[in-house]
Each structure stands twice: as structure tokens, then as C-alpha cells.
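Remarks on the structure that follows.
Computed over heavy atoms, backbone and side chain alike; hydrogens, waters and symmetry mates excluded. We number each residue from 1, following the sequence as shown.
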Amino acid sequence: MNIPENIKLLQKEIPGSVKLVAISKTKPVSDIMEAYFSGFTTFGENKVQELIKKQEDLPEDIEWHMVGHLQTNKVKYIAPFVNMIQSVDSLKLLKIIDKEAGKHNRIINCLLQLHIALEETKFGLSLNEVQEILESPDFKLLKNARIVGLMGMATFTSEEEVIRMEFKFLADYFKKLKKDYFPTDKKFKEISMGMSGDYKIAIEEGSTMIRVGSSIFGARTCSLSPTKTSQS
Ligand SMILES: *Cc1c(COP(=O)(O)O)cnc(C)c1O
């Protein structure tokens with residue numbers, strides 16, 4: 001795997017308006033440094049412990065995105081440095097992000113993660129839950145957690161039409177929320193959708209941010225056991 005080359009090819013292929021987040025989960029810091037030395041600085045992780053460790057070991061000017069489920073009691077560990085939390089799935093979590101970011105005088109950009117796939121996964125908000133959050137009085141009091149858009153993951157399937165329909169749904173829903181809740185807020189602009197297998201479809205359907213892991217760093221041998229994979 002030539003990591004810098006993979007990033008360059010991807011960036012050449014996608015429109016300049018689409019931001020690339022390199023998902024480095026389970027990969028060693030040396031892989032991230034290869035990308036970093038080529039001038040690329042935006043990375044995403046899905047586990048708090050791994051994110052903290054890598055942030056400590058790597059240069060300060062890296063922009064870190066949290067893309068996995070986040071427990072409220074772990075927000076404090078990433079609040080000092082994380083740039084974006086893409087996986088906000090409750091009002092409770094949003095309020096704690098706000099509080100912890102406030103302690104460091106920081107703004108943390110957040111995406112509401114929507115459940116758009118057919119699969120029964122544990123995480124992601126339903127449409128009703130999103131609306132409940134945006135209409136709650138607590139939402140209006142947030143100062144340091146800033147909602148800048150939506151994130152979603154399509155069904156893991158080879159049926160392109162299913163994936164396209166889910167991405168289209170997310171993009172349409174984004175437009176509706178923009179109109180109803182953020183009409184004058186220029187910062188509410190991100191639709192994070194698309195991974196290695198489906199980013200092309202996602203971009204065609206309006207993605208502004210893609211999260212690509214294996215197409216950059218190579219396949220992950222076992223996503224459940226990062227310590228084992230780094231020995232290989
Ligand atoms: C792992 C992961 C990705 C990247 O997946 P690839 O298929 O390796 O590109 C994107 N988003 C989230 C939330 C992930 O957990």
C-alpha cells in the first residue's frame with residue numbers, strides 16, 4: 001500500500017468541495033505519519049482509547065474526527081483536542097460535549113448520526129429523535145457543541161440502488177432540516193456519507209465529506225482486535 005499515493009489519487013478523483021477524512025482505525029501511527037509527511041492531516045478514529053493514544057503520539061496539527069459510538073463518560077478525554085464528533089446519537093451526549101468543550105474554551109463541531117440503513121444496528125438516530133433534539137429547549141442553550149450537519153452509513157450490500165436510495169434520503173433530509181431549523185446558519189452544511197465501497201455513489205447524491213479507510217490504508221485484518229493486527 002502506497003498510502004500517500006492512494007490519498008493523492010482519491011483527492012484527484014473527488015470534487016474539491018468534498019472533504020476527505022482518512023479513517024485510520026486499527027492502523028499503526030507509522031501509517032498515519034506516511035500520510036502526514038505527504039501533507040495530509042485529517043484523520044478519523046472510531047474508538048476513544050485508540051484516538052487518545054494516537055493523538056498523544058502524533059503531531060499537534062492533525063485534525064481528528066471521532067466517527068464511532070461515543071459513551072458520555074468518555075467525552076472528557078477527547079474534548080481537549082477533537083475537531084469533529086460525527087457520531088452524535090443523543091441529546092444527552094450533545095449536552096455533555098457542550099459542557100466538556102466549554103471547560104477548554106473550545107467549539108466542537110458535531111454531526112447528528114442518522115440511522116439510514118436497512119440493517120438493525122445499534123446506533124444512529126431516527127427522524128423523530130432528530131426532530132426532538134432540534135426542538136428541545138436544551139438544544140438552544142448549546143454554546144460549545146455546534147451542529148454542522150448529518151452523518152449516515154448505508155446498508156452493507158452490493159445492491160447499488162439500495163445504497164443510492166439511502167444516501168438520497170439522507171441528503172433530502174438534510175435539506176429539510178436546513179430549511180426548518182438552520183435557514184440562516186451557514187455552518188450547518190455537512191453531509192458526511194460515503195466509505196471505501198460507496199463514496200462514488202455518495203458524492204453523486206450530494207456528500208460533502210467522505211470517510212475512507214481501507215482504500216487508503218489497506219484492508220483491516222480484524223477490526224475487533226487492533227492490537228493483534230499491529231503485530232503483523
Ligand atoms: C471504518 C469506518 C469507515 C471507513 O470504512 P472503509 O470501508 O474502510 O472505508 C467510515 N466510517 C465509519 C463510521 C467507520 O467506522
Handout entry: Trp64/Leu58 under side-chain contact (heavy atoms from CB on, under 4.5 Å): CA gap, chis, key distance, verdict
Key = CA-CA 11 Å; Trp64 289 106; Leu58 286 158; 3.8 Å; yes
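- Ionic pairing of Lys103 and Glu100 is present here: one or more N-O contacts between side-chain nitrogen and carboxylate oxygen are shorter than 4.0 angstrom.
- A parallel orientation is assigned to the rings of His69 and Phe123, their planes being inclined by less than 30° (bins at 30° and 60°).
- Between Phe169 and Tyr173, the ring planes lie parallel to each other; the angle is under 30°, not in the 30° to 60° tilted range.
- A salt bridge links Lys19 to Glu63: one of the charged nitrogens lies within less than 4.0 Å of a carboxylate oxygen.
- Using modelled atom types, no side-chain atom of Lys168 and backbone atom of Glu205 make a donor-acceptor pair closer than 3.5 Å.
- Below 30°, between 30° and 60°, or above 60°: for Phe43 and Phe217 the angle between ring planes is between 30° and 60°, a tilted geometry.
- Side-chain atoms of Thr208 and Glu190 form a donor-acceptor pair, as typed in the model, at a separation below 3.5 Å.
- Between Glu45 and the choices Lys54, Arg211, Lys25, the salt bridge (charged side-chain N to carboxylate O under 4.0 Å, His left out) rule is met once, by Lys54.
- Partner of Met209 under the side-chain contact (heavy atoms from CB on, under 4.5 Å) criterion, chosen from Met193, Met84, Met151: Met84.
- Residue Lys99 places its NZ atom among 12 or fewer non-hydrogen atoms of other residues, nucleotides or ligands, all under 6.0 Å distant.
- Side-chain contact, Glu135 with Tyr181: a donor N or O sits under 3.5 Å from an acceptor N or O.
- In terms of modelled atom types and a separation under 3.5 Å, the side chain of Asn144 and the main chain of Ile107 share no donor-acceptor contact.
- When hydrophobic clusters are built by joining Ile, Leu, Val, Met, Phe, Trp and Tyr residues whose side-chain heavy atoms come closer than 4.5 Å, directly or via intermediates, Leu70 is not grouped with Val148.
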